[in-house]
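All values derive from a computational prediction rather than experimental measurement. One is the number of the first residue; the rest follow in order along the sequence.
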Amino acid sequence: FMAALLTGDNPNRNFKRKDSLVEHLEACQRKKIVVEQPNVNASRSEFSVTGDCIQFGLSAIKGCSQTAAEGIARERDARGLFKDIFDLCKRVDPMTLGRSSLESLIRAGALDCLRARRAQYMAVIDKALQGGAAAAKDKRSGQMSLFDDIEEENSPSSVSLPDVAEFPDKERLAMEKEVLGYYLSSHPLAAYERLLKSFCTHNSLTARGLSNRSEVWMGGVISSIKLAHTRNPKPGKPSKYANFDLEDLEGIVRSIAWPDTYEKFAQHIQPDAIVLIRGRIDKRGEDEINLLVDDVVPIQEADQKF
């Protein structure tokens, strides 16, 4: 049932804000239902069930087309697991698996099962795609024989991976968030969990039960920043303000820094910044709230501030 529910969320994905697919993934976590990470050697185009686990659907990855996802699953079913990125590109038609889809699969961790670092895959993506294009051209011209197929299946990849370091944790997590809509391998706030518990009065979940205009301290990662100007600013007064998401370990709260506040703390209101915010709850409904920002403290300054 949950796999079908997740598959039904695919067409309406929203990667800029927390969407229903991510909410259902969190529901699976609460129900102790394991959702495996994307995997070119196990996942299908849609969410599917293997034993007691749900396999992540490749077409739910931003930038990975349904055609590419179906082509990967079809080739794997026909000829077995993929050995490496070069094997993947040679076996799946390049008209099906293009650069955009392959990059998204790497960013999402779908090639982790091939036992190399994501930075290594990104470093050889051009070579892998060129090898796939050359193999497709040979097949179309009839140059590959039965013996070529046998030799290819039993020989290791002809191109080795460069010995490059993995992406820094922050960059890797940002890639995951971009193409999956959530953090897969960890969360940028995991290292600051103690500080958040020490200095925050509420989180995105508990704040929803507060009354209008209640003052809170909340912490999280800033994302989805949108800048705008007030319609009728007073002469000599700032007009630019910011709307942004404050994401913590429990969810997201839409936040607003009005002109005076934004002018004062603009240097801290940046994408992926981890901050503590003092603000007031603006109740929009029984569960919907905004956070009106009054003070912004970078997480690195929290110990000194408090």
Steps toward salt bridge (Lys or Arg N to Asp or Glu O under 4.0 Å) verdict (R172, E166): CA-CA 8 Å; R172 191 183 72 253; E166 181 58 293; 5.5 Å; no

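- A continuous path of ILVMFWY side-chain contacts below 4.5 Å connects I72 to L129, so both sit in one hydrophobic cluster.
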Identify all side-chain donor-acceptor contacts of residues 216-242 below 3.5 Å with residues at least two apart in sequence or on another chain.
residue : atom : partner : partner atom : Å
S224    : OG   : K16     : O            : 2.6
H229    : ND1  : S239    : OG           : 2.7

From CA spacing to verdict: salt bridge (Lys or Arg N to Asp or Glu O under 4.0 Å), K177, E247: CA-CA 12 Å; K177 181 68 180 298; E247 178 177 352; 2.7 Å; yes

Stepwise salt bridge (Lys or Arg N to Asp or Glu O under 4.0 Å) test for K305 and D295: CA-CA 12 Å; K305 171 79 174 180; D295 193 3; 3.7 Å; yes

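- In this structure, the separation between CD on Q37 and CG on D112 is 5.0 Å, given to the nearest 0.5 Å.
- Side-chain heavy atoms closer than 4.5 Å link hydrophobic residues (I, L, V, M, F, W, Y) into clusters, and following such links, possibly through other members, connects F82 to L161.
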Derivation and outcome, salt bridge (Lys or Arg N to Asp or Glu O under 4.0 Å), residues D84 and K90: CA-CA 10 Å; D84 53 36; K90 285 181 180 179; over 6 Å; no

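- Here the closest heavy-atom approach between residue L246 and residue S255 is recorded as CB-OG, 3.7 Å.
- L25 and L173 fall into different hydrophobic clusters, where Ile, Leu, Val, Met, Phe, Trp and Tyr side chains are chained together by heavy-atom contacts under 4.5 Å.
- When all heavy atoms of K283 and I289 are compared, the pair lying nearest together is CD-CG2, 4.0 Å.
- Without hydrogens or angle criteria, S198 side chain to R194 main chain gives a donor-acceptor distance under 3.5 Å.
- When the side chains of ILVMFWY residues are joined at heavy-atom separations under 4.5 Å, either directly or via intervening members, M122 and I85 end up in a single hydrophobic cluster.
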Residues S104, S101; criterion side-chain hydrogen bond (donor to acceptor under 3.5 Å, both in side chains); working and verdict: CA-CA 5 Å; S104 292; S101 291; over 6 Å; no

Just list the side-chain donor-acceptor pairs under 3.5 Å for residues 2-12, sequence neighbours left out, or say none.
residue : atom : partner : partner atom : Å
T7      : OG1  : A3      : O            : 3.0
T7      : OG1  : F47     : N            : 3.1
D9      : OD1  : S20     : OG           : 3.2
D9      : OD2  : H24     : ND1          : 2.6
N10     : ND2  : S59     : OG           : 3.2

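- At a threshold of 4.5 Å between side-chain heavy atoms, the hydrophobic network of Ile, Leu, Val, Met, Phe, Trp and Tyr places I252 and L276 in two separate groups.
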